[in-house]
Amino acid sequence: MGATLDDVDESVGALRRTLLTISPIVLAALAALVWFVVGRTLRPVEEANRRQRQFVADASHELRSPLTRIRTELEIDLAHPDRAELAATHRTVLADAIALQALVEDLLHLARSDAGTTALRRDPVDLDDIVLTEVQRVRPSVTVAFDVAGLSGAQVLGDTDQLRRVVRNLLENAVRHARSTVTVEVREEPGEALLAVTDDGPGIPASERERVFERFTRLDDARSARAGGTGLGLAITREIVQRHDGAVAVDPAVGTGTRMVVRLPRAG
Ligand SMILES: Nc1ncnc2c1ncn2[C@@H]1O[C@H](COP(=O)(O)OP(=O)(O)O)[C@@H](O)[C@H]1O
Ligand SMILES: [Mg+2]
């Protein structure tokens, strides 16, 4: 027996009812899916935007203090030329100008690396040579002793200037915090080159060992940018090391003082 018209009508009616019942559910599910996918896609973009805004705000804040000091010093001297101590003013203004220059150079480095516009050279670089020249460079101006007995040959492929900057940043931090001695090791290990800079200073608390690699982190807030760094040194260090396919971290196994360890793929 074939279906009657009534049967067909009933089937169509049932179909409509079913569709009417499930379509809101399907729509809601679709909407949820779209919301989820768009949310997931945008979240990293929003996070990047937030970090960029924070970066600009922090950078402006760091630029403002030395600029304000320079302006105040000059205004006071101009207002009271009879009482102006020019040599003292020159020294203050010069110190601030030097700090500003270092800060702007660090900011430019990070801005360029954020934009991905700098190509990395890949030349054979002897890490031990870089360490020796950098140690010779800082040695005359500090009182701490350097222990370089643990230096042996290690070659990596990379950008000499950038790797020099890594060594310099780590040495400057170690020298600033050391009580009496800074120890530098360089050696080849299976597949990688190891560079370690150790000081016998106060150390970095376990809870801060990752945070020190973030931009503008200075654990000692009392120390002004003028008295030392910009809080960008370790952020730049990590950025350079990572672009060389390596890693840098605070050695968690060291009880007193700080041991910074850089691992880079070996040349060849
Ligand atoms: N060897 C170290 N010993 C103790 N604290 C350190 C050491 N190296 C870095 N730090 C801490 O990490 C912070 C961030 O270092 P860095 O990024 O080089 O910035 P900066 O040297 O400009 O302050 C420093 O301000 C300091 O508080
Ligand atoms: Mg530093």
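Order of appearance sets the numbers: ligands from 1, and atoms from 1 within every ligand. Positions are given from 1, in the same order as the sequence printed here.
Residue-level proximity to ligand 1 for Asn169 is absent, since no heavy atom of it falls below 4.0 angstrom. Contacts between Glu208 and ligand 1 below 4.0 angstrom, taking non-hydrogen atoms only, are absent altogether. Contacts between His177 and ligand 1 below 4.0 angstrom, taking non-hydrogen atoms only, involve the side chain exclusively.
Here the side chains of Met260 and Asp199 are not in contact, with every heavy-atom distance at 4.5 Å or above. Here the side chains of Asp200 and Ser180 are in contact, with some heavy-atom distance below 4.5 Å. In this structure, Val104 and Leu63 have side chains that are in contact, with non-hydrogen atoms separated by less than 4.5 Å. Between Leu163 and Leu264 the shortest side-chain heavy-atom distance falls below 4.5 Å.
Within the structure, the closest approach of Glu172 to ligand 1 does not fall below 4.0 Å when heavy atoms are considered.
Neighbouring protein atoms of the Mg ion (ligand 2) (N, O or S, distance under 2.8 Å, waters ignored): Asn173 OD1.
Atom numbering of ligand 1 starts at 1 in the shown order; those under 4.0 Å from a heavy atom of Leu234 are 9 (C), 15 (O), 16 (P), 17 (O), 18 (O). Listed by atom number, the atoms of ligand 1 under 4.0 Å from Arg218 heavy atoms are 23 (O), 25 (O). The atoms of ligand 1 that sit less than 4.0 Å from any heavy atom of Ile204 are 4 (C), 5 (N), 6 (C), 7 (C), 10 (N). The atoms of ligand 1 that sit less than 4.0 Å from any heavy atom of Thr230 are 22 (O). In summary, the atoms of ligand 1 found under 4.0 Å from a heavy atom of Leu219, numbered by their order in the structure, are 25 (O), 27 (O).
No donor-acceptor pair closer than 3.5 Å links the side chain of Ser65 to the backbone N or O of Glu62. Thr217 places a side-chain N or O within 3.5 Å of a backbone atom of Arg211 that can act as its donor or acceptor partner.
Remark: Asp123 pairs with Arg121 by the side chain to side chain donor-acceptor pair (under 3.5 Å) rule, at least two apart or across chains.
Transitive grouping of hydrophobic side chains (ILVMFWY, heavy atoms separated by less than 4.5 Å) keeps Val135 and Leu194 in distinct clusters. Two different hydrophobic clusters hold Val144 and Val254 under the rule that ILVMFWY side chains link at heavy-atom gaps under 4.5 Å.
No hydrogens or angles considered: a donor-acceptor pair under 3.5 Å links the side chains of Thr230 and Asp106.
If you check each of Gly231, Gly201, Gly233 against atom 22 (O) of ligand 1, the one with the closest non-hydrogen atom is Gly231.
Atom CZ of Arg122 sits in a crowded spot, with more than 12 heavy atoms from other residues, nucleotides or ligands closer than 6.0 Å.
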